[in-house]
Protein chains: 2
Amino acid sequence: MVNDRLDILKKFFKKNRRLPSYSEMLSLFGFSSKNAVFKLINKWVEANLLKKINGKLSPTSRFFALPLLGNIKAGFPILAEENKNYLTLDDYLIEDPSSSFLLKVSGDSMTGVGIFDGDIVVVEKKKAPTIGDIVLAQIDREWTLKIFRKDRRRRINYLEAANPKYPPLYPHQELQIYGVVKAVIRKFN
Amino acid sequence: MVNDRLDILKKFFKKNRRLPSYSEMLSLFGFSSKNAVFKLINKWVEANLLKKINGKLSPTSRFFALPLLGNIKAGFPILAEENKNYLTLDDYLIEDPSSSFLLKVSGDSMTGVGIFDGDIVVVEKKKAPTIGDIVLAQIDREWTLKIFRKDRRRRINYLEAANPKYPPLYPHQELQIYGVVKAVIRKFN
DNA sequence: CTTGACAGTGAACAAATGTTTACTATAATG
DNA sequence: CATTATAGTAAACATTTGTTCACTGTCAAG
């Protein structure tokens, strides 16, 4: 089966975080001639799974990506080849790795926007949040995750929970924004 | 700055999905001797950012991973070096890439478990779901995302929405489970 | 001052790399 | 049946690879 070999290659990459060399592929695929590898690779380059830039081989985004399917309702959407979109989660979720970090959320103050206890949020360090952003902030020396709001009458910024249980937080002394929440992820089980 | 070079390397990997060769690093880092590269690489290997297995260089998980921080409340948790955990999202969210796909959710029938319209769920194709799993299923020829339940009295399986607006779905003819939802991700903005 | 560590240059080299060419067997096509 | 594409073997080869060795300048510590 042709697809077996691609699976083998993907597994190698997942494990080693690099592509194998042609000689490594010899044993990986069970070939005994490097030319067999050569031809196979070129087929994958053709299929836009790999690419070669002056002899250097690298995977394309398609190599990793999972199919992204659209609406369900009537028919199962996976079957239509042209409807397929592909997505790698790291690329999708994290725009700037060097200024991002993950934060495990505790508490129920943000359930209104679908952030629950135990969820992980992607926070991007940022100077200027937009009103309405979910921010990681320090208010009067306490760190918290809340919605960034502006009180137009009093002309100050404050923090709001996404849960009616909690009152809005107006800073007595200081409100400092550390970062903006770009995404939430939650794993089941 | 030493960290600049590591950033350059990370950017190269993000762009090309492979590590550069030593000669490529020459120009990347602005060296004029390959030995300078050699020593730098070994330093990173020492720091567990890269690793070498018989001459083959590859990034470690630490190379990619974002710091994962714990509870907020009192002090900002990023400062304590020993509390740092690292995580790459793809690895964390997707156990078996070859049997997983992504699905863009529509509708509000699962808001109770924090799955909203527009969210993306990771679905793993699977034969036998556990009771209580969120499943992608076909019930009487309609595809839907619901909670998998068992009716002990009537001894049949049915589907339940996570929203009181919607009644439980008992199959008239057929209930077929296509996959289990392993994770949800939601991007803001 | 002297010493030693550090960061980098420059050249040399064996080993491994990707590619090419020529050839074979098998299956699919008309 | 003849033909042609496909999948693979085998050997040869220039180029590039990662590594090693010897050397230089700079800076901090004793």
Side-chain angles (χ1 to χ4, degrees), chain A residues 1-65 81-82 84 88 97-98, chain B residues 1-65 81 88 97-98:
Chain A
M1 188 58 57
V2 158
N3 229 22
D4 280 355
R5 299 219 173 105
L6 187 56
D7 261 12
I8 291 175
L9 190 67
K10 284 183 179 173
K11 267 172 196 151
F12 186 98
F13 198 103
K14 190 164 169 75
K15 189 175 174 200
N16 300 96
R17 298 183 187 84
R18 66 173 175 88
L19 290 175
S21 72
Y22 282 28
S23 9
E24 288 176 306
M25 293 191 206
L26 270 189
S27 41
L28 265 180
F29 298 147
F31 288 139
S32 54
S33 167
K34 277 208 279 181
N35 182 265
V37 174
F38 181 73
K39 286 176 181 168
L40 186 55
I41 290 293
N42 282 347
K43 210 151 285 176
W44 286 333
V45 169
E46 214 67 30
N48 199 28
L49 287 160
L50 303 173
K51 74 179 154 194
K52 261 184 211 174
I53 296 174
N54 50 47
K56 260 93 173 139
L57 197 63
S58 61
T60 64
S61 68
R62 193 190 173 126
F63 179 83
F64 302 100
E81 189 74 20
E82 49 276 8
K84 278 193 189 177
T88 78
S98 63
Chain B
M1 188 60 56
V2 159
N3 230 23
D4 280 355
R5 299 218 172 106
L6 187 55
D7 262 11
I8 291 174
L9 190 66
K10 284 182 178 173
K11 267 171 195 152
F12 186 97
F13 198 103
K14 188 163 171 77
K15 189 175 174 199
N16 301 97
R17 298 183 187 85
R18 65 172 175 87
L19 289 175
S21 72
Y22 281 30
S23 8
E24 287 175 307
M25 294 191 207
L26 270 190
S27 40
L28 265 180
F29 298 147
F31 288 138
S32 55
S33 168
K34 277 208 279 181
N35 183 263
V37 174
F38 181 72
K39 285 176 182 169
L40 186 56
I41 290 294
N42 282 346
K43 210 151 285 177
W44 285 334
V45 169
E46 214 66 31
N48 199 27
L49 288 160
L50 303 173
K51 74 179 155 195
K52 261 182 212 176
I53 296 174
N54 51 47
K56 261 94 172 135
L57 197 62
S58 61
T60 64
S61 68
R62 191 190 175 128
F63 179 83
F64 302 100
E81 189 72 21
T88 78
S98 64

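Below, read A as the first sequence line, B as the second, and so on, with proteins coming before strands; counting in each chain starts at 1.
Across its full length, the helix from C:dC1-D:dG30 to C:dG30-D:dC1 shows an angle of 30° between the axes of its 5 terminal pairs at either end, rounded to 10 degrees.
Evaluation of the side chain to side chain contact (heavy atoms under 4.5 Å, CB included) rule for A:K43 yields no partner, not counting sequence neighbours. The side chain to side chain donor-acceptor pair (under 3.5 Å) check on A:S33 picks up nothing, with sequence neighbours excluded.
Atom CG of B:N54 is separated from atom P of D:dT19 by 10 Å (rounded to the nearest Å). Between the CG atom of B:L40 and the P atom of C:dC6 there is a distance of 14 Å, rounded to whole Å. For the pair A:K39 NZ and D:dA5 P, the interatomic distance rounds to 14 Å; values are reported in whole Å. Look at NZ on B:K51: it is 18 Å from P on D:dG18, rounded to the nearest Å. Following rounding to the nearest Å, A:I41 (CD1) and D:dG8 (C1') show an atom-to-atom distance of 15 Å. If you take CD of B:E46 and P of C:dC6, they are 12 Å apart, rounded to a whole angstrom.
Distances shown here put every side-chain N or O of B:K56 at or beyond 4.0 Å from the OP1 or OP2 atom of D:dT17. The shortest distance between the side-chain N/O atoms of A:K52 and the OP1/OP2 oxygens of C:dT19 is below 4.0 Å. At D:dG8, one or more side-chain N or O atoms of A:R5 fall inside 4.0 Å of OP1 or OP2 (strictly under the cut-off).
Between B:W44 and B:F29, the two ring planes are perpendicular [angle over 60°; tilted spans 30° to 60°].
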Got a list of protein N/O to nucleotides 25-27 of chain D N/O distances below 3.5 Å?
none

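By the 4.0 Å N-to-carboxylate-O rule, B:E46 lies too far from B:K51 to be salt-bridged with it.
Place A:K43 and B:F38 on DNA chain D by their nearest nucleotides, and A:K43 ends up nearer the 5' end.
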Side-chain atoms of residues 35-42 of chain B: list all donor-acceptor pairs with protein atoms under 3.5 Å, sequence neighbours left out, distances to 0.1 Å.
residue	atom	partner	partner atom	Å
B:N35	OD1	B:K39	NZ	3.3
B:N42	OD1	B:K52	NZ	2.7

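For residues 17-35 of chain B, proximity to DNA chain C is found at B:F31, B:S32, B:S33, B:N35, defined as any non-hydrogen atom under 4.0 angstrom from a strand atom.
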